[in-house]
Each structure stands twice: as C-alpha cells, then as structure tokens.
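Have a look at the structure below, then the notes.
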Amino acid sequence: MQRTLLAAHIAGLFAVSLTLPAQAQEIPTLDEIIVTATRIPQASDLTLAAGTIIKRADIERTQAQSVQELLAGLPGVAFANNGGAGKATSVFLRGTQAGHVLVLIDGIKVGSATLGTTAFQDIPLDQIERIEIVRGPLSSLYGSEAIGGVIQLFTRKGGGAMAPSASIGLGSYGTRQAAAGFSGGGENSWFNLSASHLQTDGFNACKGSLTAGCFTLEPDADGYRNTALNLRGGHRFAPGTELDVHLLRAVGKNEFDGGFQNEAESLQLVLGASLKHRFSDVWSTRLSLGQSRDESDNFKDGTFTGRFDTRRDTLSWQNDLTLAPRRQLSLGLDYQEDAVSSTTAYSVSRRDNIGVFAQYLHGMGAHDAKLSLRHDDNSQFGGSTTGNAAWGVNLGDGLRGTLSYGTAFKAPTFNQLYWPGFGNPSLQPEKSKSLEVGLSGRHAAGHWALNLFETRITDLIGFDGATTPSNANARIRGVEAVAGTRVAGWQTTVNLTLQDPENRSNNANHGNQLNRRAKEMLRIDLDRDFGAWNLGASMRAEGRRYDNLANTVELDGYGLVDLRAEYRLAKDWRLQAKLENLFDKAYETAFLYNQPGRGLYLTLRYQP
C-alpha cells in the first residue's frame with residue numbers, strides 16, 4: 001500500500017513538473033558557464049549534455065553537512081551509505097554502478113585504484129566552491145569510468161579584494177565543526193588559503209548481525225573526524241598566459257563496525273598545476289599535471305590490520321582551435337599511471353594508460369552539434385575506442401530539443417583483477433551504449449527540462465557466486481524531470497527521476513533490479529526571503545531497493561523532510577539553523593546500516 005501511494009504521489013509531481021517553469025540552481029541561468037561537459041568553457045544554454053551546477057551560495061543556503069547530503073536527490077543521483085558521517089559512501093548516477101562515475105577535483109582524476117570508487121565521505125564540503133554534474137557517457141573525452149557521467153568539484157579559488165571568512169557550528173551526535181580562510185589576489189591574480197575541521201561522535205553505524213551487514217555485534221557510537229587544508233593560487237600573465245596551482249589535503253579518522261576491522265585512518269590528497277597559453281585568437285593550449293592519493297590504514301580494536309595506498313599520476317595536453325564563431329576543434333592527449341602499495345600482495349601493482357581524443361563543436365543558426373572520439377591504450381587490457389554524437393535545435397518560444405548517442409567503458413579495478421583468492425585476471429572492461437532525448441524550456445518565469453535515456457552495459461562486473469567476479473549485462477531506462485517556479489514568494493524546485501535499472505545477465509538474476517538502486521527518486525526544495533530572514537525546506541523520497549543481486553533482501557522506500565532558517569545578524573554575519581529528518585524517519589540505504597535520525601545543527605558564518 002505504501003509503495004502504491006508513493007508511486008501515485010511521484011507520478012502526480014512528475015506531471016506537475018512538466019508544466020512548471022524552473023528557476024533553480026539545477027537549471028543554470030543564461031550567463032552560466034560549464035566546463036565539464038566539453039572540457040572547455042561553454043555557455044550552459046549551448047551545452048548538449050544534461051547537467052547540474054551547484055555554486056557556493058547553494059551549498060551554504062541548503063546548510064548541507066556533506067557532499068552526499070548536498071547531491072542526493074538531484075536528477076539521476078543516489079547514494080548508499082554504511083552508517084553515517086565518514087562511513088563508506090557510494091554514488092549511483094543514472095542507475096549505473098558506483099564505479100561508473102568519473103570524479104574530478106580541479107580537473108584531476110581522483111578515486112581508489114583498488115576499490116574503483118571515490119571516497120565522497122572524506123571530501124570536505126567547506127573547501128568546495130562549485131560542483132558540476134554532467135549525466136551521460138563521457139568516456140569519449142575522459143576515458144575509463146565515465147559511463148553514468150562525470151562529477152567535477154572545484155575548490156575555493158579566491159581573487160578580487162582581500163577577504164577573510166570563517167564559520168563555526170554545533171549539532172546533534174556531538175557534531176562540531178569550524179572553518180577559516182583568507183582569499184584575494186586582485187584582478188589578474190588569485191589565491192586562497194583555508195582550513196576546516198569536522199568532528200562527530202556519531203551513532204551506532206550497524207544494527208549488528210553475525211551473518212549479514214557488518215558481520216559483527218558492536219552496539220557503540222561510531223565517530224568520525226576530518227581535518228582539511230586547501231591551497232590555491234595563480235596569475236594571469238599578459239598576453240594570454242595563465243598559471244594555476246592547487247592542493248587539497250584531507251585527513252580522516254573513522255570508527256565503524258566490522259568483523260575484521262573497525263577503525264581507519266585515511267588521506268585524500270589532490271595536487272595539480274596547469275599552464276594555459278593563447279597563441280592567437282584561433283589557437284590556445286593547456287598543459288596540466290596532477291597527482292591524487294587515496295590512502296587508508298586499517299585497525300581492529302587499535303591493532304593494525306592492513307594498509308591500502310593508491311596513487312594516480314596524470315598528465316594532460318589539450319589544444320583548442322576556434323575555426324569560426326561557434327565552431328571549435330579540441331585535440332588532446334591524457335596520460336595516467338595507477339600504482340598500489342599495500343600490505344596485501346597484488347600480483348600486479350602498477351598500470352598506465354594513454355588516451356588521445358578529438359572533439360568538434362559546430363553551431364549554425366538554430367542548430368548545434370558535437371562529435372567526439374577517443375582511443376585509450378591500457379597496459380593491462382589493451383585498447384578501447386569510444387565516441388559521442390549530439391545534436392540540439394532551438395524550436396522557438398524558448399524550447400530546445402536535444403538528441404545524443406555515446407559509448408563508454410570502465411576498466412576493472414586492481415581488487416577485481418588481482419585480489420588474492422578473489423580476483424579474476426581475465427576480466428574485460430565494462431562497456432556501455434547510451435541514447436538520450438531531451439526537451440527544455442526557458443521562459444520569463446524560469447526553466448524546465450526533461451530527459452529520457454537508455455543505457456545498455458555489457459561485461460558488467462558482478463559475482464557468479466559469493467567470491468569470484470565475472471562479466472554480466474544490464475539495461476537501464478529512465479526519465480529525469482527538473483522544474484521550478486516562484487509560488488507565493490517561495491522559490492520552488494522539483495527534481496524527479498524515474499528509472500528501471502535491470503539486470504540482463506543470462507543467469508538466475510535476469511530481470512532483477514540492480515542492487516542498491518531505487519526506481520523512483522524525488523526532491524523538492526523551497527526557499528524564501530523575509531527581510532533579514534531566509535526560510536527553507538527540503539523533501540526527499542526514494543522508492544524501495546534491494547541490497548543484493550538476487551533481490552531477496554529488500555530495503556523499504558522512505559521520505560525525509562528537512563527545515564532550515566537563516567538570520568542575517570549584520571552585513572557580514574549570518575546565523576543558520578537546520579532541523580534534519582524532521583519526523584525522525586528510520587531508514588537504510590544499505591542493509592543493516594543505520595542512518596541519522598532527527599538532528600539539529602547551528603552554524604555561525606562570517607563572510608564579507
């Protein structure tokens with residue numbers, strides 16, 4: 001009965017969303033620029049891929065406590081979390097696997113080479129200035145992993161007048177946090193120096209079972225702390241030369257429930273530099289290099305149990321040619337080396353990849369087109385070629401239609417290939433084909449967008465029993481709707497995703513729902529200014545999901561309501577309050593792992 005009511009409510013809101021104009025952060029305004037969709041700055045109204053832009057003002061307005069909380073419920077975005085702040089967190093984009101999302105920080109590829117995913121739980125939100133989410137296959141520009149899409153996070157950059165900033169916060173579960181920074185640089189330079197600390201006593205991460213979930217009984221509070229530093233600086237030299245360097249370092253300590261380990265000390269580090277030069281009005285070049293590290297020392301009741309350190313070194317050279325107005329050609333080369341250092345003995349601990357790509361953007365009258373092609377040569381499994389073709393047309397009266405087709409791939413991880421007694425060295429890369437149709441509208445009152453997509457994945461890496469990974473197949477169909485308008489002074493935003501992530505393997509799981517992915521996701525945001533006050537609310541709902549491929553372990557659907565308020569004490573001072581999970585809903589995104597109940601969080605901010 002509950003599932004029927006949820007489906008009915010979602011269908012009704014979906015119908016409403018198609019009739020509402022939108023004016024929310026999920027639909028960029030006309031002067032927005034997006035970089036991730038094409039690897040070059042492009043006006044958002046010309047971009048042919050479905051995307052979402054989140055700015056620093058949006059982060060502070062929502063009072064999100066984590067990247068997971070900020071992104072969850074946006075079009076196509078879902079998470080699974082193992083028990084609260086700092087615990088293992090997976091992102092699913094358009095129903096694809098957690099490893100099918102490419103994550104960049106300031107243009108540098110991040111993530112664990114052993115797990116094949118990014119530690120979203122350790123990314124310090126206080127250090128993030130902007131987030132771009134581009135949905136759909138982008139391997140033709142970025143290589144491995146970009147099957148579901150790309151999420152790029154940009155750290156605080158600085159520039160302009162010298163200005164300090166600071167915040168301090170307290171909240172439920174013994175949560176305390178503080179951040180401080182100083183930025184400036186003037187018109188042609190920029191710098192930012194900022195630091196943040198988050199600490200929480202947490203709650204019992206796992207309900208406890210000797211046969212499932214965390215495979216242990218540890219009824220205690222599982223805390224977490226994260227200390228981060230962000231350094232960034234650069235200068236624009238005349239004529240047309242620009243240098244940028246950046247460092248993000250986050251150190252975490254996490255307590256959790258586990259039969260073999262229950263503590264971890266982690267390091268997330270991203271270091272990069274880029275040099276741009278414009279030779280003429282026609283030709284510009286960019287050379288960038290970087291390194292990302294994902295390191296973890298693990299313990300059981302204080303006793304060291306193992307270490308997993310992975311490093312990714314990258315080098316990229318991209319040349320952009322402006323052939324005519326709205327006609328651009330990009331040619332580039334990417335080099336990546338992954339290395340593993342661990343107390344676990346991997347038979348292979350290093351691999352490299354060379355990728356070459358080309359992209360052509362063509363605009364004429366009401367029409368825009370994009371063609372991209374890339375070939376990757378991996379020392380581990382050989383070559384892979386991917387492509388993308390997209391077309392858009394302005395239909396008049398603010399309407400725009402798009403059509404795109406693309407292929408993508410995901411290289412197997414070191415764990416899937418070489419974990420002792422578990423890995424399968426004969427695994428092939430996962431491959432996908434995606435088709436998408438979109439329609440959007442821009443009107444005086446706002447915007448709306450609708451995208452229909454289908455993705456077919458072959459050689460999807462799953463498990464043929466309980467131990468050995470093998471290649472399988474999947475098909476994911478879905479529709480995303482975004483809309484927003486101002487109703488009685490309230491800025492209203494609706495995000496709706498309806499999808500069918502289906503296992504198409506030739507085994508007993510054929511026709512099952514892919515694990516930990518819901519078929520329905522809804523998010524509604526409301527905000528309004530009342531002079532010195534700003535009031536807001538968010539409602540997020542997800543349908544049922546299953547924790548395993550066999551669909552025998554069901555996780556119920558759920559709905560959450562958050563309330564928030566902000567009061568401007570003075571020109572540069574704001575006091576914020578957030579009541580999270582208003583109705584104290586108990587729910588799970590992973591079997592037997594608890595999620596936070598009702599909580600109150602207070603933040604004092606200073607920002608000139």
Side-chain angles (χ1 to χ4, degrees), residues 23-25 29 53-67 69-70 85 124-131 154-185 190-201 225-230 484 486-493 524-539 560-582 596 598-608:
Q23 196 178 25
Q25 72 275 13
T29 55
I53 297 174
I54 303 171
K55 297 178 287 188
R56 184 67 209 174
D58 302 317
I59 297 173
E60 296 183 0
R61 174 184 56 80
T62 60
Q63 302 181 44
Q65 301 291 308
S66 65
V67 174
E69 182 184 343
L70 178 68
L125 193 55
D126 276 316
Q127 307 302 331
I128 302 303
E129 182 71 27
R130 175 185 175 91
I131 301 176
F154 299 88
T155 58
R156 296 195 182 212
K157 183 176 180 179
M162 302 286 187
S165 62
S167 67
I168 186 169
L170 297 171
S172 300
Y173 304 111
T175 300
R176 27 309 173 204
Q177 53 187 324
F182 189 71
S183 64
W190 55 91
F191 75 86
N192 177 82
L193 168 61
S194 56
S196 61
H197 180 76
L198 167 67
Q199 188 165 341
T200 179
D201 297 336
R225 69 170 183 252
N226 181 295
T227 302
L229 174 69
N230 179 46
R486 191 171 297 275
V487 179
W490 289 86
Q491 181 61 51
T492 305
T493 308
I524 301 175
D525 290 285
L526 304 171
D527 288 279
R528 183 176 179 180
D529 283 321
F530 294 89
W533 287 90
N534 181 278
L535 302 181
S538 295
M539 190 278 276
L560 306 175
V561 176
D562 299 336
L563 303 178
R564 54 183 175 267
E566 177 184 297
Y567 180 70
R568 289 182 283 279
L569 299 168
K571 178 184 176 183
D572 303 328
W573 292 89
R574 290 175 290 156
L575 179 63
Q576 297 179 313
K578 182 173 185 177
L579 184 58
E580 184 179 278
N581 194 355
L582 174 64
R598 184 188 297 116
L600 177 64
Y601 300 89
L602 302 174
T603 304
L604 178 64
R605 294 188 184 276
Y606 172 77
Q607 179 72 58

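Note: hydrogens, waters and symmetry copies are ignored here, and every other heavy atom, side chains too, is used. The first residue of the sequence shown is numbered 1, and numbering continues consecutively from there.
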Report the distance from atom CG of L602 to atom CG of L575, rounding to the nearest 0.5 Å.
6.5 Å
Would you compute the distance between atom CD1 of I168 and atom CG of L170 and round it to the nearest 0.5 angstrom?
6.5 Å
Nearest 0.5 Å please: distance from the CD1 atom of I59 over to the CD atom of E69.
12.0 Å
Write down the atom of A195, the atom of Q127, and the distance for their closest heavy-atom approach.
C-NE2, 3.3 Å
What I want to check is whether the side chains of T603 and Q63 have a donor and an acceptor closer together than 3.5 Å.
no
Between R598 (side chain) and L582 (backbone), is there a donor-acceptor pair under 3.5 Å?
yes
Working to the nearest 0.5 angstrom, can you tell me the gap between W190 CH2 and S183 OG?
13.5 Å
Does a side-chain N-to-carboxylate-O contact under 4.0 Å join D201 and R176?
yes
Can you name the nearest heavy-atom pair linking T200 to A85, along with the distance?
CG2-CB, 4.0 Å
Would you confirm whether R528, through its side chain, and A488, through its main-chain N or O, come within 3.5 Å as a donor-acceptor pair?
yes
Between E566 and R605, does any NZ, NE, NH1 or NH2 come within less than 4.0 Å of an OD or OE carboxylate oxygen?
no
Output yes when a side-chain donor or acceptor of S172 lies under 3.5 Å from a complementary backbone atom of L600, and no otherwise.
yes
In a check of side-chain hydrogen bond (donor to acceptor under 3.5 Å, both in side chains) between Q65 and each of E580, Q177, K578, which one passes?
Q177
Could you walk me through whether F530 and L535 pass the side chain to side chain contact (heavy atoms under 4.5 Å, CB included) check?
CA-CA 8 Å; F530 294 89; L535 302 181; 3.9 Å; yes
Determine, step by step, whether D126 and L198 satisfy the side chain to side chain contact (heavy atoms under 4.5 Å, CB included) criterion, reporting the C-alpha distance in whole Å, the side-chain angles of both residues, the deciding distance to 0.1 Å, and the verdict.
CA-CA 10 Å; D126 276 316; L198 167 67; over 6 Å; no
Can D525 and R564 be said to form a salt bridge (Lys or Arg N to Asp or Glu O under 4.0 Å), step by step?
CA-CA 11 Å; D525 290 285; R564 54 183 175 267; 3.8 Å; yes
Donor-acceptor contact below 3.5 Å, side chain D572 vs main chain Y606
no
A537 versus L563, closest heavy-atom pair with distance
CB-CD2, 3.8 Å
Out of curiosity, L569 CG to L604 CG, how far, rounded to the nearest 0.5 Å?
6.5 Å
